Amino acid sequence: MIDLKFLRENPDVVRASQKGRGEDVAIVDKVLASDDAKRAAITEFEQLRAQQNVLSKSVGAASGEEKVALLANSKELAEKVKAADAKRAELEATALSHAMVISNILDPEAPIGGEEDFVVIEHVGTPRDFSSAGFAPKDHVELGKLLGAIDTERGAKVSGSRSYYLTGVGALLEFALVNYAISRSYYLTGVGALLEFALVNYAISSATKAGFIPVIPPVLVKPAAMEGTGFLGQAAENVYHLEKDDYYLVGTSEVPLAAFHMDEVLDGAKLPLRYAGYSSCFRREAGSYGKDTRGIIRVHQFDKVEMFSFCKPEEAKQEHQRLLQWEKDFLNAMEIPYRVIDVASGDLGSSANRKFDIEAWIPTQDAYREVTSTSNCTEFQGRRLNIRYKDSDGTKAIATLNGTLVAIPRMIVAILENHQNADGTVNVPAALQPFLGMTRFELV
RNA sequence: GGAGGGCUCGCAUAGCGGCCGAGUGCACCGGUCUUGAAAACCGGCAGGUGAAAGCCUCGUGGGUUCAAAUCCCACGCCCUCCGCCA
C-alpha cells in the first residue's frame, strides 16, 4: 500500500503516477477525502475516550450518592464513545479500501506508456545464425523429446496441459542450474538450505550411478493418478485437494512416478525400470494433532527423493530387497544409527503387500523414528493404473515398488542431532562434504 | 480428532474488575566509587500514532461493564498426553 502521509503531502506525484500507469486518477481525491473523514473521526473518538477515562477513574474513587450520579454520567458517555468508535471503525475501513486501490508510485525513470512503449537498455550477445550453420533449429519440445529431457505428453496425461516431467538430463540440468545459482549466492547462515541441496545431490548422483533415471515430476496431478496409486482410500483425508480445478497435491512423488507409465505397455526386456523422483510433498496431517508439533519431524510440505521401480511380478520380492539396500546405503553414508523394521499388516498402505521401514536414532527423543519406507505393491497399482509389460509370454500386469531415498527434513533432524558437538556445531558426514564444500557447520 | 496447561515491557516472573501501561529479578545504557574491572550504590530502560494534549497496544478478534491484563466467547501459537505418517 502507498504511504498515506506521502499522499497527503504529494497528491500530485500520486496523480501523475496513476496517470502514467493508465489507472484511475480520481481515486486520489477520493482517498484524500476518506482519509480526512477518518482522521476527524479518530480525533473525535479519542477526545470522547479521554473524557471517559477521566470520568471512569473518578467513579472508582467516589462512593455513595456521588458515585450514583457519576455512574449515570458515565453511562451516557459510554454510549457516545461506543457510537464514535463504531463510526471511526467504519470510516477507517472505508479509507483503507480506497487506499488499497492505488498502485505503487512509479519510479520517475520508468518509461511511460503501454506494452509497446518499452525502452531497450542494451543488447548482449549475438543471436546465432542457424542458416549459415546449415540447419533449422528445433524447438525445446522436440529437443526435449530427442534428449529424453522433457516429457510434456506424459505430463499432460497425469496432470493436464501445461504440465511436464523433467527426466534424465533434463532433471540433471535442473539440479545443475540450482547448484550453480546457489553456489553464487553462498553464505553461511544458509546451511539448512545447502544441506538440502547436498542431500539431494548425493541422493541423485548415487541413484543415477545405480541406474535410476532422475525425474522431476509434477506435484499437481489429476484424480486418476491419485486413485490409481491408492491414495484416495483411507489416506484421502491426508491429501490436499484443489476443488476449483479438481487437482490433487501429491503427498509423495510415488504418485506421479507410478502414473508416468499409466495406460502403457512396457517392453519386458527393459525391466526393471527405475526412477528417482525429486519433488515437494504435501500432507494435511489430519488426525495427527498435538503429535510432533515441535520442529520439522512432521510438516505439511517437505522435499523428498523417492525411488520407484517397475518390474516383473516374479522379481518384485528381490527388487524390494534392493530398494531396502539402497536406503540402508544412504543411512550408512550419513553415519546415522538406525534399525530396519518389517511393518505389521495393520500398518501397511492399501497398495502395499509388504513394507520395510528404516528408523533413525533420534537422541533427544531417545527413540528410533521413521525416516524411510519401502513398499512392494506387486501388481496392485499396475492394474489400477493400467500399466502392463509385454514379453514372449504375452502381456501382463506389471509390479511396482517404491522406497524413500531421502526425506529431507527428517534426515536433517537425524544429521544435526546425531552429529552435533558440545558447542552446537555439527560435523558433516564425509559423504556430504564434497557436496557442501565444508566439514562442519559453524555457529552463526 | 480428543484431553489438559500456557501466551504480560529483551529474558524470567508478579498481577485483587478501578490505586495497572503494569511490580520484581536478570540483561542492557548512563553515573558515583576504582589505576582499570568486578561488586556496591544512584538513575534510566516497551512500542505505535499524533504538532501537542492525548489515544491505542498485556497472543488475535469479539463480548459483558461506567471501567478489562483481570470476567465470557471464538481463533491462533506453544507445551504435555492418547488413535494415523517420510
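Since we're looking at a predicted model, the values are computed, not measured. Note on naming: letters A, B, ... go to the chains in the order of the sequence lines (proteins, then strands), and numbering restarts at 1 for each one.
The base-pairing partner of G25(B), taking Watson-Crick or G-U wobble contacts with both distances under 3.5 Å, is C11(B). Base pairing of G36(B): no nucleotide in any strand meets the Watson-Crick or G-U wobble criterion (both distances under 3.5 Å). C41(B): Watson-Crick or G-U partner is G31(B), with both key distances under 3.5 Å. Pairing for G18(B) goes to C66(B), judged as Watson-Crick or G-U wobble with the two contacts each under 3.5 Å. Pairing for C77(B) goes to G6(B), judged as Watson-Crick or G-U wobble with the two contacts each under 3.5 Å.
For the atom pair CZ of Phe308(A) and OG1 of Thr400(A), the computed distance is 4.0 Å after rounding to the nearest 0.5 Å.
Taking the side chain of Glu46(A) as heavy atoms from C-beta on, and the options C56(B), G54(B), G50(B), the nearest nucleotide is G54(B). Out of C84(B), C66(B), C55(B), the shortest distance to the side chain of Phe45(A) is found at C55(B). Closest to the Asn238(A) side chain, of the nucleotides C84(B), C66(B), C56(B), is C84(B). Checked against A67(B), G54(B), A86(B), the side chain of Ala50(A) finds its nearest nucleotide in G54(B). For Arg49(A), whose side chain is taken as the heavy atoms from C-beta onward, the closest listed nucleotide among A86(B), U64(B), C56(B) is C56(B).
Atom pair Glu44(A):CD and U49(B):P shows a separation of 23 Å (rounding to whole Å applied). Whole-Å rounding puts the Tyr338(A) OH to A86(B) P distance at 18 Å. Atom NZ of Lys67(A) is separated from atom C1' of C66(B) by 10 Å (rounded to the nearest Å). The CD-C1' distance, from Gln51(A) to A53(B), rounds to 13 Å in whole Å. Atom CG in Asp85(A) sits about 13 Å away from atom P in G61(B), given to the nearest Å. In this structure, Asn53(A) places its CG atom 11 Å from P of G54(B), rounding to the nearest Å. Across the protein-nucleic acid pair, Ile362(A) atom CD1 and C85(B) atom P stand 18 Å apart, rounded to whole Å. With rounding to whole Å, Leu48(A) atom CG is found 12 Å from C56(B) atom P.
Within the 4.0 angstrom heavy-atom criterion, no nucleotide atom of any strand lies near Glu306(A). Nucleic acid contact for Ile297(A): base, since at least one base atom lies under 4.0 Å from a heavy atom of the residue. Among the atoms of the strands shown, none is found under 4.0 Å from any heavy atom of Val54(A).
A salt bridge links Arg88(A) to Asp85(A): at least one charged side-chain nitrogen sits closer than 4.0 Å to a carboxylate oxygen. A salt bridge links Arg8(A) with Asp35(A); the closest basic N to acidic carboxylate O contact falls under 4.0 Å. A salt bridge links Asp342(A) with Arg354(A): the distance from a Lys NZ or Arg NE/NH1/NH2 to an Asp or Glu carboxylate oxygen falls below 4.0 Å. The pair Lys304(A)-Glu306(A) meets the salt-bridge criterion, with a side-chain N (NZ, NE, NH1 or NH2) lying under 4.0 Å from an Asp/Glu carboxylate O.
Closest heavy-atom contact between Leu55(A) and Ser58(A): O-OG, 2.6 Å.
Near RNA chain B, meaning a heavy atom under 4.0 Å from it, residues 344-360 of chain A has Asp347(A), Lys355(A) in order of number. Contacts between residues 211-224 of chain A and RNA chain B, defined by a heavy-atom separation below 4.0 Å, involve no residue at all.
Rounded to the nearest Å, the gap between the C1' atom of A69(B) and that of C16(B) is 13 Å. When the P atom is compared between A27(B) and G63(B), the two are found 44 Å apart, to the nearest whole Å. Nucleotides U70(B) and U64(B), compared at atom C1', are 13 Å apart to the nearest Å.
Taking only distance into account, the side chain of Arg88(A) never meets the base of C56(B) through a donor-acceptor pair shorter than 3.5 Å. Arg298(A) contributes no side-chain N or O that forms a donor-acceptor pair with the base of A86(B) under 3.5 Å.
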